[in-house]
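As a basis for the values below, the full set of heavy atoms in this structure was taken, side chains included, without hydrogen atoms, waters or symmetry mates. Proteins get letters first, then strands, A, B, ... in listed order; numbering begins at 1 in each.
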Amino acid sequence: MAKSKLITPMGEDYSRWYTDVVTQARLADYSPVKGCMVIRPHGYTLWENMQQALDRMFKETGHQNAYFPLFIPKSFLAKEAEHVEGFAKECAIVTHSRLKTEMVDGKATLIPDPDSKLDEELIVRPTSETIIYHMFAKWVKSYRDLPILMNQWANVVRWEMRTRLFLRTTEFLWQEGHTAHATPEEAEAETRKMLDVYATFAEEFMAVPVLTGRKTDSEKFAGALHTYCIEALMQDNKALQAGTSHNLGQNFAKAFDLKFQDEEGKWRHAYNTSWGVSTRLVGAVIMAHGDDNGLVLPPKIAPIQVVIVPIYRSGDDKDAILAKAAEIRTELTAAGLTVELDDRDKMNPGAKFNEWEMLGVPLRIELGPKDLEKGTVVCARRPDRAKSFEQMSGIAGTVSTILDEIQAQMLETARERRDAATFNVDDYDAFKAKLDDGGGFLLAHWCGSDACEAAVQAETKATIRCITFDAPEEEGACMKCGEKSTRRVHFARAY
RNA sequence: CGGGGCGUAGCGCAGCCUGGUAGCGCACCUGCUUCGGGUGCAGGGGGUCGGGUGUUCGAAUCACCCCGCCCCGACCA
């Protein structure tokens, strides 16, 4: 297997491998603004495909899309104490509404016009709880107005110190669902339901297996009662939080006076939930499936599902082969597949193979003179690069089947990889040793105290990623302090 | 914000120490050739050497200042 000229091998430097894949596969590029990225068509189509599947699932669970503004009055953020504290450190602030030209050292320079200073400064939303619950409060009067089940697709800004393409950028795209309910039970059910939607989406579309469970208090959303999460493991055995769902209780309802009259005419505060996934999911797909040849995409979300590469020796073959290739493309497109026919003349097949592999196209169809004679095509699967001969007749059905197999196989492979990197650890020294020797999810006993959690993090950089719902009851002793514990939690070093 | 590194053609780099008219690979353009795993040959275009100031007859190269980016850490989806 020829080594890629453009991508640093994963084993050599995982971090560079990731950056190489993102840039070489033309998913994104660095913006002139630090910490921001340009999402290029190949990356954006991937995001759109994920978006569409999620959006459908949100609608199926009764939610409607809306759009709230980018700018939030500064005073709004201050209303929920824990929330301010969580986000204040990373907010971009709009202070002026105009620029003006000023001469500095003989050069014309733009400065904020002092006369245009805003009476109330605006913050660029880091998340929209405040503005949304403020609006909900206007709209809700009666229990008959509940529940409100809303979602918005938007950009948000969090002024991060360290950024990485897709995984953490200053501005990112996401969806944030926001709901209001009459009872705590309903809110809790909603929180869990949307987490399940995320888990289903991650596994069925992204082919990324996820843990589902609860965050510890130190990891929960600022302002939430509690936070649920889906947590995935990347190929460098670091964990990635892939989505969160928060039960906000009445915290925001109280802060924003979101009240309704119940059946008895009594005023009560509503119960809120919020839940979100972001373009970070693109990073998750890259890191869960990619290899040294580049991107590997699950068929269900791949921007291009099938690429046809014609192979011909001379002008004589060329016309017939291209005609046949076009015919196959038409047939596949008619079957609802996204197909690219690579008829670039100046490039030889090997170069095309490598390029499409780098872009992660799940299935390549090779069509050459020998195939034309025999009525076959060669199908090459991206994940394992396996090739097979397939009959040209009924190709659409065959291809669909293969794509389904690839989708299933990718989830299976990712699951095996994760399970092979998940370990029970009982002893703190063993825990530390394991972290430095490969890492992964380490299932260990924890007493439940913030102090032990913080100490472990300070000493090892590992955090409690998730207290899984399905963790079995088990008598044990906290690996840090030795106090009683009733279940294991998932520790890992994380992104 | 701390530590480190790097700014020279679109990308990756050499040249800098020891100052003397800017080079290599890839990519790009033209033509031919090749095509079942990154074809080969020939020709060609492209650079205010991150910015400023200074030293010097002369600065990519030396000095000082500034800016930017990347990597590692603390914080975070």
Write down the partner of [N] under the Watson-Crick or G-U wobble criteria, each distance required to be under 3.5 Å.
| N | result |
| --- | --- |
| C32(B) | G40(B) |
| C69(B) | G5(B) |
| G10(B) | C26(B) |
| U48(B) | none |
| A63(B) | U53(B) |

Choose from [options] the nucleotide whose nearest atom is closest to any side-chain atom of [X].
| X | options | value |
| --- | --- | --- |
| Q241(A) | G36(B), A77(B), C75(B) | A77(B) |
| E357(A) | G37(B), G38(B), G36(B) | G37(B) |
| K461(A) | A74(B), G36(B), C75(B) | A74(B) |
| V378(A) | G36(B), G37(B), A77(B) | G36(B) |
| P349(A) | G37(B), C35(B), A77(B) | C35(B) |
| R385(A) | A77(B), G37(B), G36(B) | G37(B) |
| S15(A) | G38(B), A74(B), C71(B) | C71(B) |
| E366(A) | A74(B), G37(B), G36(B) | G36(B) |

Can a cation-pi geometry be assigned to R125(A) and F76(A), taking NZ or CZ under 6.0 Å from the six-membered ring centre and within 45° of the ring axis?
->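 Geometry flag: not set, cation outside 6.0 Å or 45°.
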In whole angstrom, what separates [X]'s [atom1] from [N]'s [atom2]?
| X | N | atom1 | atom2 | answer |
| --- | --- | --- | --- | --- |
| K215(A) | A77(B) | NZ | C1' | 10 Å |
| Q24(A) | G10(B) | CD | P | 17 Å |
| M50(A) | A77(B) | CE | C1' | 13 Å |

Show the distances under 3.5 angstrom between N or O atoms of the protein and N or O atoms of nucleotides 67-70 of chain B.
from	atom 1	to	atom 2	distance (Å)
C69(B)	OP1	K34(A)	N	3.3

Mind checking [X] for me? I need base, sugar-phosphate or nothing, with any heavy atom below 4.0 Å counting as a touch.
| X | result |
| --- | --- |
| L281(A) | nothing |
| S278(A) | base |
| T169(A) | base |
| G368(A) | base |

Aromatic contact, [X] with [Y] (centres under 6.0 Å):
| X | Y | value |
| --- | --- | --- |
| F221(A) | H226(A) | no |
| F491(A) | F431(A) | yes |
| F136(A) | H134(A) | no |
| Y228(A) | H246(A) | no |

Between the side-chain atoms of R364(A) and the base atoms of G37(B), is any donor-acceptor pair under 3.5 Å?
->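 Side chain to base: pair present.
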Nearest nucleotide by nearest heavy atom, which residue falls closer to the 5' end of RNA chain B, D345(A) or A242(A)?
->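 On the 5' side of the pair lies D345(A).
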What residue pairs, at least two apart or across chains, pass ring pair (Phe, Tyr, Trp, His ring centres under 6.0 Å) with a residue in residues 272-292 of chain A?
->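 The answer is F58(A)-W275(A), H63(A)-W275(A).
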Should Y428(A) and T460(A) count as side-chain neighbours, where that means a heavy-atom distance under 4.5 Å?
->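 A side-chain contact under 4.5 Å exists here.
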Do W174(A) and V277(A) have side-chain heavy atoms sitting under 4.5 Å apart?
->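 They are not in side-chain contact.
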Does a side-chain N or O from K387(A) land closer than 4.0 Å to OP1 or OP2 of G37(B), or not?
-> no
What interatomic distance, in whole Å, is found between C1' of A42(B) and the corresponding atom of G5(B)?
->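 About 41 Å, rounded to a whole number of Å.
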Salt bridge between D371(A) and K324(A), side-chain N to carboxylate O under 4.0 Å?
->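 So D371(A) does not pair with K324(A) through a salt bridge.
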